[in-house]
Amino acid sequence: MHKLLQGLNEKQKEAVLKTEGPVMAIAGAGSGKTSVLTKRIAYLIYEKNIPIQNILAITFTNKAAEEMKDRIYEAIGIYSREMWISTFHSMCARILREHIDRLGYDRHFQIIDDDDTKQLVKNLLKKQNIDVKLFSPKTIRDMVLKAKQDNAYLDGIEMPLKDVVATTKEKYVAYLEESNLVDFDDLLLLTTRLLKEHDDIKAYYHDLFQYILVDEFQDTNDIQYDLVKTLTNKDENIFIVGDEDQSIYAFRGANIKNIQRFKKEFSHPHIVLLEQNYRSTNTILNAANAIIKHNQSRIPKNLFSTKGEGEKIIHYKGPTARDEVEYIAMTILKHVQKGYDYNDFAVLYRANSTSRQFEEVFMQKQMPYKLFGNTSFFKRKEIKDFTAYLRYLINPDDAFSFLRIISVPRRGIGAKTVEKIMDYAGEQSLALSDALNQADNYLSTRQANNIEEFVTMVNSLQQKLTDEPIDNIIDALLNDTGYVEMLKKDDKGDVRYENILELKTLLHESSETYKEFNKTEQLSFVLEDIALKSEETKEDVEDGVTLCTLHSAKGLEFRVVFIVALETGMFPLHQSMSDARALEEERRLMYVGVTRAKERLYLTNASVRQTYGQTNQNMDSPFLREIPEDYLDYEGYVQKRTYYQQSDRSHIKAKEQFIAKRKETLKTYTENTLNKGDKVIHDTFGDGVVVSVAGKQCVIAFSHGVGIKKLLKDHPAIKKK
DNA sequence: AGGTCTTTCCTTTTT
DNA sequence: GGAAAGACCT
């Protein structure tokens, strides 16, 4: 027997050895899935002599990709950048950097993140004079993105809303294309389009990717499924791993049915069931099974373990959330004294915001910790400002970045001037940089001078970027833009400054990886990394307690796991309480959490907790009740558990009120039958006369110095007199 | 235009 | 409770 196969059970061996044709492994939690994936890759390389660049392995999160690279390095002693092990999005970015010009984009396209898309949609709504209080930018953004994936989505939307989404979508798509920006979905959509529309490129990748592996297939959405299908060549040497019980990304479009679809649409996949769990004790595994059994929509599985019964699961309930955190800290310290490492512990929570208290207490007790998914770093204002500056240096026609930086710090150019610039660029069909260069033509001398100064500054910064080491650009930005002066006036200036220095370090380190490219390209790649890795993983602690969300805990395992804030409203979130499907997803998340534990599992919560600065009393999470008493022990001050009753509808009330309110506002958004010459009154602009009507738009001349406005005809603020 | 005060949103989860 | 956007004043 080959030594690669040592320690694998029969099913696992089957999954490794069946290299040809489609294979689908249904892998329960802890069934050695990652091990199978890495050994399969090793087997392909060593036994089948497949060149490494001909293997494509796709994961969902950066962490999973990193993990797989590490494991492959362990198994075969090599990892090279030629190997395609990456997330869906990184893979697409890599392909697009090579070929996106075929779709009419520039290869230096920039990736914008979720916050940016929200901001952009908000700007677009405002430009159409749509009240962002009536139509929340976030909701519209979500709908725009869905419509972008599938135009038919629009058909299901009610009328006034449908119009808003449809027009905003058009503008959004056009805007991104003009500014050479792509969003996360575009990475997937454009790659698929590239392959479908260009046979030579498809042939190239079909030839390149002889063997494809996709992890966590239950989390693929429809675009990703389509992409995988398009990437697969006629040999169909594709291996997918999935577990329906661990599908936790439905909120971003993951479709569990894709597993079934794979079974039908690929030619007779070989199916392997991995049901032996190598991770957890039977107590933990049985509890997990008991919980997941409450889900209606699932295919029953039969997970078993040979690890023995193990310790009971402990439910701790404290009087306050603070007590809960203290209890966990003390419990960890107690175990560490008995010989556990800090690395053996994980604190898992539903929402990132929960991490804060743990950080405070751990810091105070000088306990080392690793905070995963600290999304906040790249979302901080100063970091967003700087990445916008960097993007703008690469592409001075990037209007989106321009809007972000033009008055940060203030440089005598206000909203009105910016509007003039944008209008001019629009009317003359000019690129932003050209419009700026012609500022003399349409701006007052003072404004034109300010703009000229800005342009000169940008030019000199661009020069510095080419002449000097890449991380010098951060200092140049700090000084030349006046940012550092601005920070001096800011209460939190010193913290922000520290963060900018951290960005500088990051720029320095990651540009090393791209040494062989020119400066602009280096910067471009680093910005791409930043965009695609929302997480800043603090790896500076060798041995530390892991703090992370249940979502990012998927694929990881720990000797001791704490699942915290197990309260109705916190986990499951109250938004999910009234929706059976959402509740099932929360339950799968609970299942994922429980199955992370190898030896000990602590489930904790508190009677009283502060949320949004308000003190709340929460009920115990229904998931606690789903664990048979035999597996549980109690600790803590509060022994009594309280559960939410069906009759108690207080959680749902808020949501119902919200829906009712929205319906009410939508009702007022009725169609105006405006004609030329009609006298109207507008909530903010006052009296006016309709000058013209074209489609959904109309032009109204207002009195009292407001002037002429182009508005949506049906806007509720407009009433006919 | 720009600074300060007030209000609002937020905490779902990831790329 | 805290950040960021908006309202309001200079």
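Below, all heavy atoms of this structure are taken into account, side chains as well, without hydrogens, waters or symmetry copies. Only a predicted model underlies this, so the values are computations on that prediction, with no experimental measurement involved. Throughout, a chain's letter reflects where its sequence line sits, starting with A, and its residues are numbered from 1.
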Quiz item: 5' to 3' on DNA chain C, which nucleotides open and close the contacts with chain A (atom under 4.0 Å from a heavy atom)?
Solution: C:dG1 to C:dG6
Quiz prompt | Separation of B:dT13 P from A:His551 NE2 (nearest whole Å) | solution = 9 Å
Quiz item: Taking the six-membered ring of A:Tyr483 as reference, does the NZ or CZ atom of A:Arg496 fall below 6.0 Å from its centre and within a 45° cone about the axis?
Solution: no
Practice problem: Salt-bridge test for A:Lys148 and A:Asp185: reply yes if a basic N is under 4.0 Å from a carboxylate O, no otherwise. | Solution: no
Quiz item: In the 5'-to-3' direction, what one-character label does each nucleotide of nucleotides 1-7 of chain B receive under the scheme B = base within less than 4.0 Å of a protein heavy atom, S = sugar-phosphate only, - = no such atom?
Solution: SSS----
Practice problem: Residues of residues 246-258 of chain A with any non-hydrogen atom less than 4.0 angstrom from an atom of DNA chain B: list those, numerically ordered, please. | Solution: A:Tyr249, A:Phe251, A:Arg252
Practice problem: Can you establish whether the number of heavy atoms outside A:Glu360 located under 6.0 Å from its atom CD is more than 12? | Solution: yes
Quiz item: Should we say atom NZ of A:Lys118 is surrounded by more than 12 heavy atoms from elsewhere, each under 6.0 Å from it?
Solution: no
Quiz item: Could you state the CZ-P distance from A:Arg588 to B:dT13, rounded to the nearest angstrom?
Solution: 18 Å
Exercise. Would you classify A:Asp114 as touching base, sugar-phosphate or nothing, given that sugar-phosphate means primed atoms plus P, OP1 and OP2, and contacts are heavy atoms under 4.0 Å?
Key: base
Extract from the structure each pairing of a protein N or O with an N or O of nucleotides 8-11 of chain B at less than 3.5 Å, listing the distance.
residue	atom	partner	partner atom	Å
B:dT11	O2	A:Ser353	OG	2.9

Quiz item: B:dT14 P sits how many Å from A:Asn221 CG, rounded?
Solution: 16 Å
Quiz item: Taking it one step at a time, do A:Glu216 and A:Val241 satisfy side-chain contact (heavy atoms from CB on, under 4.5 Å)?
Solution: CA-CA 6 Å; A:Glu216 311 278 12; A:Val241 197; over 6 Å; no
Self-check item: Heavy-atom donor-acceptor pair, A:Arg97 side chain to A:Arg107 backbone, under 3.5 Å
Solution: yes
Exercise. Indicate the ring-plane relationship of A:Tyr424 and A:Tyr442, choosing parallel, tilted or perpendicular according to the 30° and 60° boundaries.
Key: parallel
Quiz item: Can you tell me if the side-chain N/O atoms of A:Asn352 get under 4.0 Å from OP1 or OP2 in B:dT13?
Solution: yes
Quiz item: How long is the line joining CG of A:Leu589 and C1' of B:dT14, in whole Å?
Solution: 12 Å
Practice problem: Look at A:Lys381 together with A:Asp385 and state whether they make a salt bridge at an N to O cut-off of under 4.0 Å. | Solution: yes
Exercise. May I ask you to say what A:Lys122 touches in the nucleic acid, namely base, sugar-phosphate or nothing, with a heavy-atom cut-off under 4.0 Å?
Key: sugar-phosphate
Quiz prompt | Integer-rounded Å distance: B:dT14 C1' and A:Phe60 CZ | solution = 10 Å
Quiz prompt | Stems formed with participation of DNA chain B [Watson-Crick or G-U wobble, under 3.5 Å, three or more pairs] | solution = B:1-10 with C:1-10
Quiz item: What integer distance in Å separates A:Asp115:CG from B:dT12:P?
Solution: 14 Å
Self-check item: Aromatic contact, A:Tyr349 with A:Phe562 (centres under 6.0 Å)
Solution: no
Quiz item: With a non-hydrogen cut-off below 4.0 angstrom, is A:Phe88 in contact with a base, only sugar-phosphate, or nothing?
Solution: nothing
Quiz item: Has the side chain of A:Glu585 got a donor or acceptor atom that lies under 3.5 Å from a matching backbone atom of A:Ala250?
Solution: yes
Quiz item: With a distance cut-off below 6.0 Å to the six-membered ring centre and an angular limit of 45° from the axis, does A:Arg588 pair with A:Tyr591 as a cation-pi contact?
Solution: no
Self-check item: A:Arg298 bridged to A:Glu584 by N-O distance under 4.0 Å
Solution: no
Practice problem: To the nearest Å, give me how far apart NZ (A:Lys554) and P (B:dT15) are. | Solution: 12 Å
Quiz item: Quick one: side chain to side chain donor-acceptor pair (under 3.5 Å) partners of A:Glu326, sequence neighbours excluded?
Solution: A:Lys365
Quiz item: How long is the span from the CD atom in A:Glu177 to the OH atom in A:Tyr105, to the nearest 0.5 Å?
Solution: 4.0 Å
Quiz item: Can you tell me how far P of B:dT14 sits from CD of A:Glu585, to the nearest Å?
Solution: 12 Å
Practice problem: Look at the aromatic rings of A:Tyr225 and A:Phe217 and report parallel, tilted or perpendicular, splitting at 30° and 60°. | Solution: perpendicular
Practice problem: State whether A:Lys384 and A:Asp116 are salt-bridged, where the test is any N-O pair (Lys NZ or Arg NE/NH1/NH2 against Asp/Glu carboxylate O) under 4.0 Å. | Solution: yes
Self-check item: side-chain hydrogen bond (donor to acceptor under 3.5 Å, both in side chains) between A:Asp398 and A:Ser179, intermediate numbers included
Solution: CA-CA 5 Å; A:Asp398 177 353; A:Ser179 311; 4.8 Å; no
